[in-house]
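Worksheet for the structure shown next.
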Amino acid sequence: MTHLIAPAELEDTITHLFVNAGAPADRARQVAANLVLANLSGHDSHGVGMAPRYVDAILEGRLDTRADVAVRVDNGMLLGLDGQSGFGQVVGVQAMDLAFERVVAHGACIFSLASAHHLGRIGHFAEMAVARGWIALHFVSVSSRPNVAPFGGSDGRFGTNPCCIGIPLGLDDQVREPFVLDFATSRVAQGKMRVAHNEGRSVEPGTLIDENGQPTNNPGVVVVPQSGGRMGALRTFGEYKGFGMAVACELLGGALSGGGTWHRQADGRRAVLNSMLCIVIDPARLGSLASFGEESLAFIDWLRHSPPAPGSEGVVLPGEPERAAREQRSREGITIDDATWQEIVDAGKKVGATP
Ligand code: NAD
């Protein structure tokens, strides 16, 4: 069974859940809107299905719903920020806003953000930058439990460490929708395994290993404890190349920010902490804006003229699937599977909210 819900109604439900869990109303609404936008964008893994986990993190005292971003180091275009375990959707936006002031002043900003609670869909932050005509690069580490195996290893050693690059395309009257590449360095996001497990589906071969290091198509191995209480692991995308990118995200997002890296066994706690290195660039300040605008459009057009491969509808640019999903789901509503809905209802019971 599934539930088809209008986005505004879903946002109200999740806002109510967070308010009952003790979050200030404006923040509860901001986080709920961000999660619903992830569902609208086609990323149910980072949508309202995360809300029960956020409620647990609040109840275990590891998500501070009132925390703001703190500036630890200010070196002009370099900022060292601390998310102080605040809602990632709140402190992440505060961090981007601080960066934007520095981009106006200096043409670019590099900031590290340590220890935010889950930042959600990283593309959200890149979209904030590209809406201003700026480029944004994000390298993110995930501190929750080690659910991704290193290439050549046989158990989980780090998180799904996402990477995101947003690039505005075109200039003046020739502006096109931006390029927004936003992905987990695991072959798929952990949340997609939760959704597949809840829906009783198997996943693509090559995605997972079980608790004994053997290949499996059962998403349950990374969702519920297996034999001996042990868990399986996701594989990285692109074999050793994706593994290298995942390690870079841990080193840049986790080690460089001061948020820390993962080097211990899982402890069963529910909070998900993210640390991020972000670089924002105003292309106008590099002196090549006109050619950047022209060359990017020429290249995109060149790509689009590639004849569709057999069985394909042609070239799709990163960012397009999310925009298409938003258009469709805004019209038709958001489908929530029954297990996810039940988890939201159960989270509501913990804090006295009835969806
Ligand atoms: P995914 O595998 O769906 O890949 C998404 C990217 O690929 C997007 O940029 C999309 O536009 C592009 N894309 C999809 N189909 C395409 C096609 N046919 N041609 C060209 N480009 C295409 O996403 P994912 O790896 O499962 O990640 C989902 C989300 O999870 C992301 O928003 C990511 O930021 C988020 N995430 C967050 C965390 C966290 O801890 N905060 C951790 C992992 C992932």
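For ligands, and for the atoms within them, numbers begin at 1 and follow the listed sequence.
Below 4.0 Å from some heavy atom of Ala184 lie the following atoms of ligand 1, by number and element: 24 (P), 25 (O), 27 (O), 43 (C), 44 (C). For ligand 1 and Ala189, the ligand atoms under 4.0 Å from any heavy atom of the residue are 26 (O). Atoms of ligand 1 lying under 4.0 Å from at least one heavy atom of Asp182, given by number and element, are 4 (O), 5 (C), 6 (C), 8 (C), 9 (O), 31 (C), 32 (O), 33 (C), 34 (O). Ligand-side atoms of ligand 1 in range of Gly319: 11 (O), range being under 4.0 angstrom from any heavy atom. Near His118, with a cut-off below 4.0 Å to any heavy atom, the atoms of ligand 1 are 39 (C), 40 (O), 41 (N).
Nearest to atom 19 (N) of ligand 1 among the protein's heavy atoms is Val316 O, 3.5 Å. The protein non-hydrogen atom at the shortest distance from atom 42 (C) of ligand 1 is Thr160 OG1, 3.2 Å. In terms of protein heavy atoms, atom 30 (O) of ligand 1 is closest to His46 CE1, 3.0 Å. Nearest to atom 23 (O) of ligand 1 among the protein's heavy atoms is Lys192 NZ, 3.4 Å. Counting only heavy atoms of the protein, atom 12 (C) of ligand 1 lies nearest to Pro318 CA, 4.1 Å. Considering only non-hydrogen protein atoms, atom 40 (O) of ligand 1 sits nearest to Asn274 ND2, 3.1 Å. Distance from atom 28 (C) of ligand 1 to its nearest protein heavy atom, with residue and atom name: His43 ND1, 3.4 Å. Atom 15 (N) of ligand 1 has as its closest protein heavy atom Pro321 CG, 3.8 Å.
Between Gly120 and ligand 1 there is a heavy-atom distance shorter than 4.0 Å.
Counting only distance, with no hydrogens or angles, the side chain of Asp210 and the backbone of Gly213 share a donor-acceptor pair below 3.5 Å. For Asn20 (side chain) and Val351 (main-chain N/O), a donor-acceptor pair under 3.5 Å exists by modelled atom type. Under a 3.5 Å cut-off, the side chain of Arg157 and the backbone N or O of Ala149 do not form any donor-acceptor pair. Side chain of Arg121 to main chain of His43: no donor-acceptor pair is present (N/O by atom type, distance under 3.5 Å, no hydrogens or angles).
Between Phe87 and Phe18, the ring centre distance stays below 6.0 Å. Ring pair Tyr240/Phe151: centre-to-centre distance below 6.0 Å.
A cation-pi contact links Arg264 to Trp262, judged by a cut-off of 6.0 Å to the six-membered ring centre and 45° from its axis.
Looking at Val180 against ligand 1, only its backbone comes within 4.0 Å, counting heavy atoms. For Gln190, no heavy-atom contact with ligand 1 is shorter than 4.0 Å.
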Arg329 and Asp44: CA distance, side-chain angles, deciding distance, salt bridge (charged side-chain N to carboxylate O under 4.0 Å, His left out) verdict: CA-CA 12 Å; Arg329 291 183 173 194; Asp44 295 325; 2.8 Å; yes
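The hydrophobic cluster containing Met50 also contains Trp341, counting ILVMFWY residues as joined when their side-chain heavy atoms lie under 4.5 angstrom apart, directly or transitively.
From Glu204, atom CD reaches atom CG of Asn217 across 8.5 Å, with rounding to the nearest 0.5 Å. The OG1 atom of Thr160 lies 7.5 Å from the CG atom of Leu234; values are rounded to the nearest 0.5 Å.
Closest to atom 10 (C) of ligand 1 by heavy atom, among His138, Glu322, Arg323, is Glu322.
When distances from atom 7 (O) of ligand 1 to the protein are checked, no heavy atom turns up under 4.0 Å.
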